**Q** 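Mind looking over this structure? Questions follow.
All values derive from a computational prediction rather than experimental measurement. In this chain, residues are counted from 1 in sequence order.
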Amino acid sequence: MKGIGVFDVMGPIMIGPSSSHTAGAERLGRAARSILGEEFNKVNFYLHGSFAKTYKGHGTDRALVAGILGMETYDERIKYSFDIAKENKIEVNFIEEDLGEVHPNTVKIEFVKDDESKSFIIGSSIGGGSIAVINIDGEDVYFTGEYPTLIIKYKDKKGMISKISLAIALGDINIATLKVDRESKGEMATAVIETDHKVPENIIDEISKIEGVSSVKFIDAI
């Protein structure tokens with residue numbers, strides 16, 4: 001059974017009127033920055049459900065922008081996030097959009113780089129400041145950002161999970177959760193692995209060297 005965390009009892013330390021619409025939104029923005037990188041000049045926020053209906057009144061827009069700028073939920077500068085984005089020559093746009101059968105507080109965050117290439121995440125604010133990232137660049141995933149997380153793409157074949165798990169164990173890192181999705185048997189698969197501690201670079205390098213692994217992305221706890 002999942003233990004009760006401080007977010008469940010008290011909610012996060014935050015600036016803003018709503019843990020779901022402000023703190024959760026800020027953490028989603030920070031998740032996008034952590035996953036997609038910091039090299040971008042434009043961000044499009046596609047707002048779904050109640051996010052779309054109330055984002056101005058609840059400060060969701062300012063919180064999302066604060067998140068992509070790397071601010072924490074308690075940062076006093078959140079109220080000035082639009083101005084700070086402008087100073088950094090980052091264009092932000094908010095678009096109301098139906099993202100399908102997802103949580104009402106869901107947003108697609110799309111980063112646009114100087115070369116016009118685009119990457120995105122889709123995530124939901126699920127209450128009390130907690131979040132769930134459910135899609136990265138069109139690929140379904142699920143993780144909360146509560147733990148350090150590895151996202152590993154590899155060729156689906158016998159023994160791959162054992163090899164990946166062994167590399168993690170040799171780094172004295174404990175696996176908290178592990179979920180695998182695959183396109184079909186023998187095709188590409190994605191493992192989302194949450195760990196109890198930050199995964200060091202040398203372990204990430206070892207995983208990337210495993211035959212059949214095509215990419216390894218590490219996201220620290222958000």
**Q** Indicate, with yes or no, if Leu69 and Val92 share a hydrophobic cluster defined by side-chain heavy-atom contacts under 4.5 Å among Ile, Leu, Val, Met, Phe, Trp and Tyr.
**A** yes
**Q** Passes side chain to side chain donor-acceptor pair (under 3.5 Å), Ser124 versus Asn105? Steps please.
**A** CA-CA 5 Å; Ser124 305; Asn105 298 332; over 6 Å; no
**Q** Phe218 and Ile131: same hydrophobic cluster, using ILVMFWY side-chain contacts below 4.5 Å?
**A** no
**Q** Would Val102 and Leu99 count as a side-chain contact (heavy atoms from CB on, under 4.5 Å) here? Give the steps.
**A** CA-CA 7 Å; Val102 292; Leu99 296 175; 4.1 Å; yes
**Q** Could you tell me whether a side-chain N or O of Ser34 sits under 3.5 Å from a main-chain N or O of Ala31, the two making a donor and an acceptor?
**A** no
**Q** Any Lys/Arg nitrogen of Lys153 or Glu139 sitting under 4.0 Å from an Asp/Glu carboxylate oxygen of the other?
**A** yes
**Q** Should Val43 and Glu91 count as side-chain neighbours, where that means a heavy-atom distance under 4.5 Å?
**A** no
**Q** Thr195 and Tyr147: which non-hydrogen atoms are nearest, and at how many Å?
**A** O-CB, 3.4 Å
**Q** Could you identify which residues cluster with Ile95, counting Ile, Leu, Val, Met, Phe, Trp and Tyr as linked when any side-chain heavy atoms lie under 4.5 Å apart, either directly or through a chain of such contacts?
**A** Tyr46
**Q** Hey, is CG on Asp172 packed in by over 12 heavy atoms from elsewhere, all under 6.0 Å?
**A** no
**Q** Same cluster for Ile173 and Val213 if Ile/Leu/Val/Met/Phe/Trp/Tyr side chains link at under 4.5 Å?
**A** yes
**Q** Any non-hydrogen side-chain atom of Ile168 less than 4.5 Å from a side-chain atom of Val199?
**A** no
**Q** Is Phe51 close to Leu28 at the side-chain level, that is, under 4.5 Å between some pair of heavy atoms?
**A** yes
**Q** Minimum heavy-atom separation for Ile78 and Ala66, please, with both atom names.
**A** CG1-CB, 3.7 Å
**Q** Below 4.5 Å, heavy atoms only, C-beta onward: do Phe143 and Ile35 meet side chain to side chain?
**A** yes
**Q** If you count heavy atoms of other groups shown closer than 6.0 angstrom to NZ of Lys198, is the number above 12?
**A** no
**Q** When you measure from the side chain of Asp115 to the backbone of Ser117, do you find a donor-acceptor pair of N or O atoms at a distance under 3.5 Å?
**A** yes
**Q** Please report the shortest heavy-atom distance between Gly138 and Phe120, naming the atom on each side.
**A** N-CZ, 3.0 Å
**Q** State, yes or no, whether a side-chain contact exists between Leu150 and Val216 at a heavy-atom distance under 4.5 Å.
**A** yes
**Q** Apply side-chain contact (heavy atoms from CB on, under 4.5 Å) to the pair Glu211 and Lys157, showing each step before the final yes or no.
**A** CA-CA 10 Å; Glu211 185 178 354; Lys157 57 183 180 180; 4.1 Å; yes
**Q** Using a strict threshold of under 4.0 Å (side-chain N to carboxylate O), is an ion pair present between Glu72 and Arg30?
**A** yes
**Q** Among the clusters formed by ILVMFWY side chains lying less than 4.5 Å apart, do Ile109 and Ile84 turn up in the same one?
**A** yes
**Q** Which distance, rounded to the nearest 0.5 Å, do you find between the CD of Glu187 and the CG of Asp156?
**A** 8.5 Å
**Q** Parallel, tilted or perpendicular: which fits the ring planes of Phe94 and Tyr55, with parallel below 30° and perpendicular above 60°?
**A** parallel
**Q** Can you measure from CD1 (Ile164) to CD1 (Ile207) and round to the nearest 0.5 angstrom?
**A** 7.0 Å
**Q** So, Asp181 versus Thr190: side-chain donor-acceptor pair below 3.5 Å or not?
**A** no
**Q** Does one hydrophobic cluster hold both Met188 and Ile151, with members joined at side-chain heavy-atom distances below 4.5 Å?
**A** no
**Q** Looking at side-chain heavy atoms only, is the closest gap between His58 and Lys53 below 4.5 Å?
**A** no
**Q** Roughly how far, to the nearest 0.5 Å, is CD1 of Ile122 from CD1 of Ile134?
**A** 6.0 Å
**Q** Quick one: does Phe111's side chain get under 4.5 Å of Ile121's, heavy atoms only?
**A** no
**Q** I'd like to know whether Thr144 forms a side-chain contact (heavy atoms from CB on, under 4.5 Å) with Thr149, so could you lay out the CA-CA distance, the side-chain angles of the two residues, the decisive distance to 0.1 Å, and finally the verdict.
**A** CA-CA 9 Å; Thr144 64; Thr149 302; over 6 Å; no
**Q** Would you name the heavy atoms of Ala191 and Val180 that are closest together and state the gap between them?
**A** CB-CG2, 4.1 Å
**Q** Write down the atom of Asp137, the atom of Ser119, and the distance for their closest heavy-atom approach.
**A** OD1-CA, 3.2 Å
**Q** Starting at OG1 of Thr177, measure out to CG of Asp196 and round the result to the nearest 0.5 Å.
**A** 9.5 Å
**Q** Hey, is Lys108 close enough to Glu97 for a salt bridge, meaning N to O under 4.0 Å?
**A** no
**Q** Does the His48 side chain pair with the main chain of Val107, one donor and one acceptor, at a distance under 3.5 Å?
**A** no
**Q** What distance do Ile210 atom CD1 and Ser162 atom OG have between them, rounded to the nearest 0.5 Å?
**A** 10.5 Å
**Q** Partners of Ser165 by side chain to side chain contact (heavy atoms under 4.5 Å, CB included), sequence neighbours excluded?
**A** Ile161, Ile175, Leu178
**Q** Determine, for Phe40 and Lys113, whether the Lys NZ or Arg CZ falls below 6.0 Å from the six-membered ring centre while staying within 45 degrees of the axis.
**A** no
**Q** Quick one: OG on Ser130 to CZ on Arg27, what's the gap to the nearest 0.5 Å?
**A** 6.0 Å
**Q** Is the shortest side-chain heavy-atom distance between Leu36 and Glu110 below 4.5 Å?
**A** no
**Q** What are the two closest non-hydrogen atoms of Ala167 and Ile203, and how far apart are they?
**A** O-CG2, 3.6 Å
**Q** Looking at Met71, is its backbone amide N or carbonyl O close enough to the side chain of Asp75 to form a donor-acceptor pair, meaning the two atoms are under 3.5 Å apart?
**A** no
